[in-house]
Every structure is written in C-alpha cells, then in structure tokens.
2 protein chains.
Amino acid sequence: MCMNPEGASSPRAAVRREGRVTINDIAALTGVAASTVSRALSRPDRVNRVTRERIQAAARELNYVPNTQAQALSSGRTETVALLVSDATNPFYFGLIRGAQQQLRAAGHALLLIDTEDSAELENHLLHKVRRSVDGVILAASRLPEQTLSVIAAELPVVTVNRNVPRVRSVVIDSPDGVMQAVEHLVSLGHRAIAYVAGPPSSWANEARWRAMRTAMARHGLTAARVGPFGVSRSSGSVAADALLNTGATAGVTFNDLLAIGILQRLAERGVDVPGEISVVGCDDIFGADFCSPPLTTLTAPIEQAGRVAVSMLLDHLEHLGETPSRQTVLLPTHLTIRQSSGPAPRR
Amino acid sequence: MCMNPEGASSPRAAVRREGRVTINDIAALTGVAASTVSRALSRPDRVNRVTRERIQAAARELNYVPNTQAQALSSGRTETVALLVSDATNPFYFGLIRGAQQQLRAAGHALLLIDTEDSAELENHLLHKVRRSVDGVILAASRLPEQTLSVIAAELPVVTVNRNVPRVRSVVIDSPDGVMQAVEHLVSLGHRAIAYVAGPPSSWANEARWRAMRTAMARHGLTAARVGPFGVSRSSGSVAADALLNTGATAGVTFNDLLAIGILQRLAERGVDVPGEISVVGCDDIFGADFCSPPLTTLTAPIEQAGRVAVSMLLDHLEHLGETPSRQTVLLPTHLTIRQSSGPAPRR
DNA sequence: CTGAAAGCGCTAACAC
DNA sequence: GTGTTAGCGCTTTCAG
C-alpha cells in the first residue's frame with residue numbers, strides 16, 4: 001500500500017538465497033538436531049541406522065545439496081584440487097587434464113584449472129591465492145625455482161609432474177630413457193650427427209632430456225649438437241628448423257612434438273625431404289603426432305596415466321597428512337613409437 | 001610435563017590451520033575493527049584513506065590472503081565459474097577453455113572445469129552439485145533437453161555455447177552459415193552429390209548444420225545425402241568414411257574436424273585419393289586441421305573468442321541480476337578456410 | 001547414539 | 001567513517 005523505504009535494493013548484486021535447503025530443514029523435518037543430520041550425511045556409521053535412513057530419505061526428498069563453502073569453512077577440507085598448467089592450449093595437457101579429471105571425479109573432488117601462462121611469477125601468485133581454497137595442487141611443468149617449490153610444498157600438499165624436487169612428491173615421465181631409445185634408433189639407422197632441439201630453459205624436463213641425449217651419444221663416441229632454446233609452439237618450429245639444418249645434422253631430437261610438428265612444416269616449405277634428408281624425432285606423442293605429415297616418430301608418453309597417478313598420489317597424501325613426507329616419486333615409462341619421420345641417414 | 005589426554009589426534013586428517021592470517025590479525029595489528037578491515041579490503045572507497053592505507057599495508061606485511069570459502073559463505077558470491085564440456089579431451093574445447101580462462105582471470109575469477117563425459121545425466125547431476133559453489137556456469141555443447149536447461153537457467157546464471165534455448169543467454173558459432181559457404185564452394189567445383197556426415201543426435205549444432213546443408217543444396221536444386229550419426233572421435237572416422245563412400249557422393253561435409261580427420265585417415269588407408277576422388281570439408285578448424293594430410297578444408301570457428309564472449313556475457317549477467325533476462329544471443333561468424341582436402345569433382 | 005553450543009573467516013546491516 | 005552485532009551452513013567438541 002505504501003512504498004517502504006527499505007525497498008531500495010542494495011548496490012551489490014542481489015544474492016540468490018531462495019530455495020536453499022539446509023541441514024536445518026532436514027533436522028526440522030525429521031525432528032533431530034542439525035548436528036545429527038550432519039553426522040548422518042558425512043559419517044553415516046556414527047549414527048543409528050534407522051535415524052540415519054530417515055534423515056537420508058528426507059535429504060533426498062528435499063533435494064538437499066550440501067553447501068561446499070560451508071563445509072569447507074568449518075572442516076578445512078574443500079574437496080577441490082587445483083591443476084596448474086603452463087598453457088591450457090598445449091595439447092600435451094589435454095591428456096593430463098583428462099586423466100586428472102577422471103580420477104578426481106571418481107573420488108568426488110572438483111578440479112580447479114589454472115593457466116599460469118608460462119610465467120613463474122604468475123604461477124607463484126596464483127598458487128598463493130588459491131592456497132586456502134584447495135586441498136592440494138598438482139603442478140604440471142612448474143616453472144618455479146626449486147626452493148620456492150619446497151616452501152610451497154611445506155605448507156600445501158603438492159604433487160609435481162615432470163619435475164623432480166627433493167621432498168616433493170612427483171610423477172615423472174621417463175623421457176630421458178626414451179631419448180636414449182631414440183638415439184639408439186637413429187644411430188642404428190646410420191646417423192652420426194644428431195642435434196637436440198631445446199625447449200624452454202626453465203623447463204626441468206628440457207635439461208633432463210638433453211643430459212640423456214649427451215649420455216646416449218657419448219656411448220657411441222658421438223657428441224650431440226644443441227640448438228635453441230625455442231618456445232614450445234608450432235610457430236617456433238620455423239626458426240628451429242632452420243637452426244637444425246644449419247648444424248648439418250642428419251637427425252634432430254626435439255624437446256616436444258609441438259616443436260617437431262612445426263619443424264616438419266617448415267622443412268616441407270623449404271622442400272627438405274623427411275626422412276630422406278633429415279630425420280625428426282619428437283617427444284610426448286600428442287594429439288596430431290600420428291597424422292601430421294610425415295607422421296612423427298616420437299616418444300610415447302603415458303600422459304593420461306600421469307594425470308591419474310598424480311591425483312592418486314595427492315589424494316593419498318591428503319589421507320595421510322602429517323606422515324613423513326618421504327620423497328616419493330613415480331617414474332612412468334615411455335617408449336619410442338616409430339612412424340615415418342625417421343629413416344636411414346642420407347649418404348654423404 | 002605430563003601427557004595431556006586431549007593429545008590424541010582425531011581420526012580425520014589433521015586440518016592445517018597454521019599460519020593462517022585472518023582479518024582479525026590485521027584488525028589487531030592496526031587497532032581497528034574487523035569489519036573495517038573487511039571494508040578496506042573489499043570496498044576501499046568506503047573507508048577513510050589513511051586508515052585504508054594502514055590496513056592495506058598491514059595486510060601486505062602479514063601476507064594476508066582472504067579465505068574464499070568464508071567470503072563465499074557470507075556474501076553468496078564465489079568468484080568462480082564452472083565450464084562444462086562434454087569431453088575435456090576434444091581439441092575443440094582447448095580454445096574454448098583457453099578463451100574462458102583468460103577472460104575469467106582478467107576478472108579475478110576462478111575456473112572450475114567439469115567434464116560431463118558426454119552424458120546428459122551426468123551433466124545434470126554435476127550441475128546440480130556445483131550449483132551453490134559457483135556464481136554461474138557456461139555450458140559448452142550441452143546435451144540437456146531444452147526444458148531442463150530452462151529450469152536450470154532460472155535458478156542459476158547460465159550461458160550456453162552452441163546451443164540456443166529460449167530465455168537463456170548463449171553464444172553460438174554460425175556454422176550453419178559456414179556450411180552454406182562450404183556447399184557453395186563444393187558446388188562451384190562441380191560437385192552435385194554431396195553428403196553430410198552427421199555427429200551425435202543429441203547435439204544441437206549437428207541438427208543446425210544439417211538443416212543449413214539441406215537448404216543450401218536445395219538452392220541449387222540438389223538434395224543432400226546424410227550418413228551417421230557417428231561419434232565425435234577420430235576412430236569413428238573409419239566407419240564414417242566407408243559410409244560416405246557408399247553414398248556415391250563426390251564430397252562430404254562433416255559434423256566436425258575430428259571426424260573429418262578420421263575420415264581422411266581411413267580414405268588414405270583405402271587408397272582413395274583426396275581430393276581427386278572425393279572432397280572432404282570439416283568444421284571448426286581445430287588444432288591439427290592445418291597439418292593433417294591433406295590439410296583440411298574447414299569452417300574456421302572463432303572458438304577462443306567464443307570462450308571469451310561467453311564469460312563476458314556471464315559476468316555481465318551477474319552484475320545485472322534480476323534484470324530482465326532478455327533472450328540475448330551472440331552469433332559469431334565463421335568462414336571457410338580452403339586447404340587441400342577439397343577440389344574439383346571427379347569426372348564421371 | 002544424540003543434542004547443545006561454539007565457532008570456521010568473512011560480510012552486512014545497523015548503530016553511533 | 002567506523003564499531004557492534006549477527007549470522008552464512010556446516011562440522012566438531014563436549015555432555016549426557
């Protein structure tokens with residue numbers, strides 16, 4: 001009948017609070033205390049069977065959905081895990097994301113995806129920011145210095161992928177071993193001058209692969225050339241291809257497939273025959289490696305499995321907090337998948 | 001000196017509560033009330049400049065990070081947006097995820113990634129579950145029936161991608177227009193028998209593309225054949241290729257690139273020349289479309305932009321809650337990118 | 001086994 | 001402008 005003065009809405013967006021069913025509603029409906037409802041729902045074994053069933057029935061009937069915020073606030077557990085990737089667009093991560101997502105869902109946890117845009121600074125900042133909003137984090141290809149990682153791992157459950165840091169759990173794909181296989185493969189095809197096409201210097205895996213390459217070459221009394229560093233995008237492939245050609249090598253092992261595919265494209269442009277004039281071996285076996293042209297010989301990495309394992313390790317860690325943080329690291333094997341980008345060394 | 005009885009730790013994992021800095025610590029340090037700290041941090045303009053600066057300095061010094069759970073609980077805003085995709089592994093989503101992620105970060109929001117595994121049921125379930133944990137959701141290629149979507153949109157801010165539902169905001173990529181361009185292209189190359197290779201029936205976009213195809217063909221007095229439905233994976237391409245060949249068509253327009261690439265592989269296996277014997281046109285221009293063999297003629301979709309726009313619409317919606325939910329839909333143009341998988345129709 | 005009560009950390013009226 | 005006071009919805013001692 002009259003305008004009430006408090007009718008004016010607040011400047012902040014109205015908060016939707018309609019329709020929310022809380023444990024109190026269930027408590028009221030079933031005539032028990034809210035705390036009992038809470039128990040019945042989150043630790044069913046701690047409550048009498050008949051009350052429990054009555055409560056669960058009521059919950060179902062009212063279409064109750066727990067408020068995760070509230071749960072998190074009072075319990076300290078968020079049932080959420082953050083996955084930090086350096087570039088959500090990199091096909092390498094697709095499998096990782098997928099594997100992690102699967103395993104997480106199975107455990108009823110949510111996945112917070114964070115793109116660090118390949119910046120250590122941003123990575124650190126975002127990590128700091130979500131620290132309290134997640135139960136733990138998975139760091140895929142972290143760009144952070146070892147010391148920073150140690151500090152973070154001390155205050156938050158962490159699992160790294162493809163990055164080995166003392167006292168931090170990690171799953172690493174054994175690409176170095178794969179690189180050795182690749183070198184054997186190339187050497188047996190008659191190659192003597194083989195170059196490593198390096199990725200970002202901040203990448204731990206990059207250095208690990210390079211080391212493996214030198215070792216493998218040394219076994220045959222050969223020394224590996226090295227070009228780079230290059231960015232890990234297909235477009236970096238152009239420069240990389242030219243640099244690779246310049247070394248006079250008859251074969252190149254690249255930091256990853258993205259780079260390798262870029263190189264393949266550039267070589268085609270320049271009319272260089274692969275593998276006739278030069279062989280190219282990639283790393284990871286990402287989506288596309290099997291249908292680029294020529295199909296890429298590469299190190300097949302169990303990426304999806306890595307995602308699953310990382311999650312398992314993290315969840316396991318969460319269960320046993322406080323226990324000795326044994327420097328546990330899982331090594332996943334790779335194998336060489338031979339396709340058409342590698343072949344016999346050209347005659348001199 | 002003596003063991004205190006409460007020393008026994010609880011059976012649940014210990015909750016880490018060490019080192020947490022709260023607004024109370026800042027309040028104590030600066031000698032103001034906690035509420036003032038809260039204000040100074042979240043609505044700086046509502047507090048005296050010098051107090052504000054003192055508070056901000058203290059916050060920085062103590063390395064304060066707000067507890068998002070608590071913020072969410074009391075404010076109702078979570079600063080988190082969920083992105084539901086039907087398959088996190090589908091390269092189509094990479095760009096979408098990336099675009100969304102970018103825009104979200106710029107606005108200081110987090111991204112909850114949810115994989116619905118292509119199941120309407122699971123989609124509905126998960127949506128229900130996160131309803132209260134996010135400010136809004138972006139539904140990429142939802143499999144939900146229109147009515148369900150309407151219901152959800154009524155109780156939670158929603159933006160759909162490639163799915164048009166009355167009263168639900170959406171961004172749709174104008175592939176139907178692109179399909180028409182594709183048909184013109186093929187017809188002008190002399191093709192008369194053109195088939196549509198269908199994707200999942202539950203996909204809204206699939207039907208939209210098929211309709212566009214028929215219309216475009218009709219304009220030339222032609223009728224399109226249709227094969228399928230097929231799954232949207234490369235492996236479905238084998239069956240699809242055989243079915244396509246069976247129609248006797250000289251060209252095929254496929255639901256998406258993944259399928260098209262699969263078809264290309266199968267055709268190569270069967271020794272069918274593309275585009276000599278048959279032309280193939282894909283849809284989306286995903287990663288890989290430009291380097292498969294032959295490179296795929298396809299409809300280039302602004303996928304990343306779609307992700308950004310979807311987020312913008314959603315955030316905008318959040319700002320103006322309660323306002324008339326005008327059925328706002330943004331149409332993003334596509335264009336035909338001609339590569340080597342399409343060519344003149346073969347002579348009879 | 002269940003209830004009462006005290007918060008989790010923060011925001012949002014409402015006073016002053 | 002700033003302090004006071006209630007909660008947000010849930011978990012978790014602590015009694016009984």
Side-chain angles (χ1 to χ4, degrees), chain A residues 5-6 8-28 30-55 59 62 64-79 131-133, chain B residues 5-6 8-28 30-55 59 62 64-79 131-133:
Chain A
E6 64 277 19
S9 64
S10 97
R12 298 291 270 191
V15 176
R16 60 205 139 71
R17 287 225 192 282
E18 5 75 32
R20 289 198 325 297
V21 177
T22 75
I23 51 171
N24 298 302
D25 299 323
I26 301 179
T30 53
V32 299
S35 53
T36 304
V37 174
S38 172
R39 256 179 245 121
L41 265 21
S42 40
R43 345 251 291 216
D45 49 300
R46 274 162 147 62
V47 67
N48 177 323
R49 210 189 79 194
V50 322
T51 5
R52 182 201 331 144
E53 280 171 358
R54 208 148 44 87
I55 291 173
L62 292 177
Y64 169 76
V65 178
N67 180 319
T68 52
Q69 262 64 44
Q71 285 184 150
L73 186 55
S74 67
S75 73
R77 278 167 277 109
T78 63
E79 314 275 86
R131 208 175 28 156
R132 301 265 105 90
S133 326
Chain B
E6 63 275 20
S9 64
S10 95
R12 296 291 269 191
V15 177
R16 59 203 141 72
R17 288 225 191 282
E18 6 75 34
R20 287 199 325 297
V21 177
T22 74
I23 52 171
N24 298 302
D25 299 323
I26 301 179
T30 53
V32 298
S35 54
T36 304
V37 175
S38 171
R39 256 179 243 124
L41 264 21
S42 39
R43 340 261 284 249
D45 49 300
R46 273 162 144 63
V47 68
N48 177 322
R49 211 189 78 194
V50 323
T51 7
R52 184 202 328 148
E53 280 169 0
R54 208 149 43 88
I55 292 173
L62 293 176
Y64 168 74
V65 178
N67 179 320
T68 52
Q69 262 64 44
Q71 286 185 148
L73 187 55
S74 68
S75 73
R77 278 167 277 108
T78 62
E79 315 275 87
R131 208 175 29 156
R132 301 264 106 90
S133 326

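Just so it is clear, the structure is predicted and the values come from calculations on it, not from any experiment.
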Run the numbers on Val50(A) and Glu53(A) for side-chain contact (heavy atoms from CB on, under 4.5 Å), then give the verdict. CA-CA 5 Å; Val50(A) 322; Glu53(A) 280 171 358; 5.5 Å; no

Quickly work out the [X] [atom1] to [N] [atom2] distance and round it to whole Å.
X: Ile23(B); N: dT5(D); atom1: CD1; atom2: C1'; result: 14 Å
X: Asn24(A); N: dC8(D); atom1: CG; atom2: P; result: 8 Å
X: Asp45(A); N: dT2(C); atom1: CG; atom2: C1'; result: 15 Å
X: Ile55(A); N: dT11(D); atom1: CD1; atom2: P; result: 12 Å
X: Leu73(A); N: dC10(D); atom1: CG; atom2: C1'; result: 8 Å
X: Glu79(A); N: dC10(D); atom1: CD; atom2: C1'; result: 13 Å
X: Arg46(B); N: dG3(D); atom1: CZ; atom2: P; result: 16 Å

Give the nucleotide from the list [options] with an atom nearest to the side chain of [X].
X: Ser42(A); options: dT12(D), dC8(C), dT11(D); result: dT11(D)
X: Arg43(A); options: dT12(D), dT2(D), dC10(C); result: dT12(D)
X: Tyr64(B); options: dC10(C), dT2(C), dT11(C); result: dC10(C)
X: Val47(B); options: dT2(C), dT11(D), dT2(D); result: dT2(D)
X: Thr22(A); options: dC10(D), dC10(C), dT2(D); result: dC10(D)
X: Asn67(B); options: dC10(D), dG3(C), dC10(C); result: dC10(C)

Could you tell me whether the phosphate oxygens of [N], OP1 or OP2, come under 4.0 Å of any side-chain nitrogen or oxygen in [X]?
X: Thr51(B); N: dT2(D); answer: yes
X: Arg39(A); N: dT13(D); answer: no
X: Gln71(B); N: dC10(C); answer: no

Note to self: With side-chain contact (heavy atoms from CB on, under 4.5 Å) as the criterion, how do Glu79(B) and Thr68(B) come out once you've worked through the C-alpha distance, each side chain's angles and the decisive distance to 0.1 Å?
What the structure shows: CA-CA 8 Å; Glu79(B) 315 275 87; Thr68(B) 52; over 6 Å; no

Taking every heavy atom of Val21(B) against every heavy atom of Tyr64(B), the minimum-distance pair comes out as O-CD1, 3.3 Å

Does some side-chain heavy atom of Asn67(A) sit less than 4.5 Å from a side-chain heavy atom of Thr22(A)? no

Is the shortest side-chain heavy-atom distance between Arg52(B) and Ile55(B) below 4.5 Å?
no

Note to self: Any base atoms under 4.0 Å from Val32(A), or only sugar-phosphate, or nothing? Heavy atoms, all strands.
What the structure shows: sugar-phosphate

task = Mind checking Ser38(A) for me? I need base, sugar-phosphate or nothing, with any heavy atom below 4.0 Å counting as a touch.
result = base

base_contact_polar (dA4(C) base, Ser35(A) side chain, donor-acceptor, <3.5 Å): yes

Comparing nearest nucleotides in DNA chain D, the 5'-proximal residue of the pair Thr36(A), Arg52(B) is Arg52(B)

Between Gln69(A) and Ala33(B), the residue closer to the 5' end of DNA chain D by nearest nucleotide is Ala33(B)

Discussion item. Quick one: does any side-chain atom of Thr78(A) pair with a main-chain N or O of Ala72(A) as donor and acceptor, under 3.5 Å?
Written reply: no

